[in-house]
Structures are given as C-alpha cells and as structure tokens.
Amino acid sequence: MEIAWDRSGIRQRLNKDFYLSDDVVGLARELLGKALCVDLGEGLCAGLITETEAYAGATDRASHAYGGRRTERTRVMYSAGGVAYIYLCYGMHSLFNVVTGSEGTPHAVLVRGIWPLEGLGLMQQRLGRSRVEAAHTRGPGKLSKALGIHHSMTGTDLLGNRIWIADVRVRPPDKSVRVTTRIGIDYAGDDAGRPYRFVWDTEDQRSFLG
DNA sequence: CGGCCGATCCACT
DNA sequence: GTGGATCGGCCGA
C-alpha cells in the first residue's frame, strides 16, 4: 500500500507563528501527523508524530515549570515557541518537547511517539535492530534513541537545520484521535485528570499509512 | 553536600 | 505486573 504523505514537504519547516500560539493543548493536537525531522550530519531521519502531551506551563502541576519555576534545566521552556526542550528522564532517556507560546510562557508539548518515515537504516543502527517498525519508535525514550536526539541538544532552534518539524500533508481525522489523561504524572493532583494527551489510534495509523 | 526520585523501558514472571 | 537500570535536577540542611 502506498504511504500517503507528501515527501516534497519534508524540508518545509513549520512557521514561527505556528509555535507562538498560546493554545498549547490545541498545538498538541495539531502536531499529530506532522513530521519530526532530524539531520545530525549522518543522514536525514524523520517520523510522523503519532502521540503528544500538552504541558501548560506555570499553572500546570505536571509541568517542570509549575509555579513559574526557573532553573538551569527549565530556562529554555521560557523561550518563545519554536525551540526544543529535551531533558533526561530516569537517568537514561532523553525526552523531546516542543516549546510553544510567546516568550515568558513556559508551555511545551511532549512528543511520545512517531511513525518511522525516513532514514530507516540509520534508525535500525541506532536501535540495534535488523528492521524498524512503529512499535520501536512509540514511546518518548525510544523515539529519541531512533532519531539520535540527546538531552544535550536542549534549546535547539526548530527552524534550524538539525531538528525541525515539517507539514507533509497528513492530518489524522478526529475520529482516529483518542484524548486521554497524561502518563506518569500521578503527583500532579487535579491536573493529572486533564485531557491533555492525544493519541493517533494505532490501527487507524496502519489503515491510513499502510 | 546528601538523598530522593522521575513526563521510561525492558526483561522476566 | 513487577522490579532493576542509571544519573542529573532539585531541595533541604
């Protein structure tokens, strides 16, 4: 089955204006189907974003910036939208977030899964597998490993030439998107119950993409 | 400076 | 479904 995505769009970065929206939950939804692209000099790797979570900055107890907290780690979250916030989780996983909103507003979207599109050979190599499938790039730690994203890259400009997000004319229909609570944030009190996670249904991905 | 623990993953049962 | 791996950020002393 032919994969229905527009390969010619892969170098066309999303505009700065896209990232500057203060509607971080809306952006988390809009990022589904966009292509997360990485080129570290070894070749282009890209995957369609299939799962996201919104972190609503200073008012969200699940956010690292809750209460307006500024530390060396969270400093980048206060940038104007369009840079990467990447941090180390559990001592071994680099988790990739898109900083969004206007400057001073520490909103971010965690990318939790991708559908592998480009650079499959490189992903295989990084993952130590003989072939790569969607299951191997679903999970925030796994997708970073596949794409070569490391927490030392936090602050990377998403309009630059190392990490960017492209519109490749894919948009999962609402009926294929499940909206749920976020994962692993039980400590966040009432905010743990907010519907801030967006998941492109796995079966629907298959029927849409092959 | 010490201790706790996390926006996870995998192997094993 | 449980536990171990593994380490930087954060907070309190």
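Letters A, B, ... are given to chains in the order of the sequence lines, protein chains preceding strands, and every chain is numbered from 1. Values below: every heavy atom of this structure, side chains too, minus hydrogens, waters and symmetry copies.
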Inter-nucleotide P distance (B:dA7, C:dG1), Å rounded: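 One P to the other, the span is 22 Å.
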
Establish, with yes or no, whether the OP1 or OP2 oxygen of [N] is under 4.0 angstrom from a side-chain nitrogen or oxygen of [X].
{"X": "A:Arg138", "N": "B:dC9", "answer": "no"}
{"X": "A:Thr71", "N": "C:dC10", "answer": "yes"}
{"X": "A:Lys145", "N": "B:dT8", "answer": "no"}

Between [X] and [Y], is any side-chain donor less than 3.5 angstrom from a side-chain acceptor?
{"X": "A:Ser152", "Y": "A:His150", "result": "yes"}
{"X": "A:Asp6", "Y": "A:Ser8", "result": "yes"}
{"X": "A:Arg197", "Y": "A:Thr180", "result": "yes"}

Nearest whole angstrom, please: distance from the [atom2] of [N] to the [atom1] of [X].
{"X": "A:Leu88", "N": "C:dC10", "atom1": "CG", "atom2": "C1'", "value": "14 Å"}
{"X": "A:Leu110", "N": "B:dT8", "atom1": "CG", "atom2": "P", "value": "7 Å"}
{"X": "A:Arg197", "N": "B:dT8", "atom1": "CZ", "atom2": "P", "value": "10 Å"}
{"X": "A:Arg182", "N": "B:dG6", "atom1": "CZ", "atom2": "P", "value": "15 Å"}
{"X": "A:His64", "N": "C:dC10", "atom1": "NE2", "atom2": "P", "value": "8 Å"}
{"X": "A:Glu72", "N": "C:dC11", "atom1": "CD", "atom2": "P", "value": "14 Å"}
{"X": "A:His136", "N": "B:dC10", "atom1": "NE2", "atom2": "C1'", "value": "12 Å"}
{"X": "A:Arg75", "N": "C:dG9", "atom1": "CZ", "atom2": "P", "value": "12 Å"}

Watson-Crick/G-U partner (both atom distances under 3.5 Å) of C:dT2: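 For C:dT2, the partner nucleotide comes out as B:dA11, under the 3.5 Å rule.
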
Considering every strand shown, what is the Watson-Crick or G-U wobble mate of C:dA13 when both distances are under 3.5 Å?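 Partner of C:dA13: none found under 3.5 Å.
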
For the aromatic rings, using the six-membered ring if either is Trp, is the centroid distance between A:His64 and A:Tyr87 under 6.0 Å?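 Centroid separation for A:His64 and A:Tyr87: below 6.0 Å.
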
Quick check: does any side chain N or O of A:Asp167 sit under 3.5 Å from a backbone N or O of A:Lys34, one acting as donor and the other as acceptor?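 Absent.
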
Heavy atoms only, 4.0 Å cut-off, all strands: where does A:Arg73 land among base, sugar-phosphate and nothing?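 Sugar-phosphate only.
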
Contact class for A:His151 vs. all strands (heavy atom < 4.0 Å): base, sugar-phosphate, or nothing?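 It contacts nothing in the nucleic acid.
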
Lys/Arg N to Asp/Glu carboxylate O, A:Arg182 vs A:Asp60, below 4.0 Å: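 Salt bridge between A:Arg182 and A:Asp60, a charged N being under 4.0 Å from a carboxylate O: yes.
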
So if I take every side-chain heavy atom of A:Arg69 and compare against B:dC9, C:dC11, B:dA7, which nucleotide ends up nearest?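 Looking only at heavy atoms from C-beta outward on A:Arg69, the closest nucleotide is C:dC11.
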
Among the nucleotides C:dA5, C:dC10, B:dC9, which one has an atom lying closest to any side-chain atom of A:Met92?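 Closest nucleotide to the A:Met92 side chain: C:dA5.
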
ring centroid sep under 5.5 Å plus plane angle under 30, A:Tyr87 with C:dG9: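 Whether judged by distance or by angle, A:Tyr87 falls short somewhere, so it does not stack on the base of C:dG9.
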
Look at the side chain of A:His93 and the base of B:dA7, then say whether one donor and one acceptor between them are separated by less than 3.5 Å.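 Result: no qualifying N/O pair found.
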
Under 3.5 Å donor-acceptor pair, A:Tyr90 side-chain atoms to C:dA5 base atoms: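 By the distance-only test, no, there is no pair.
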
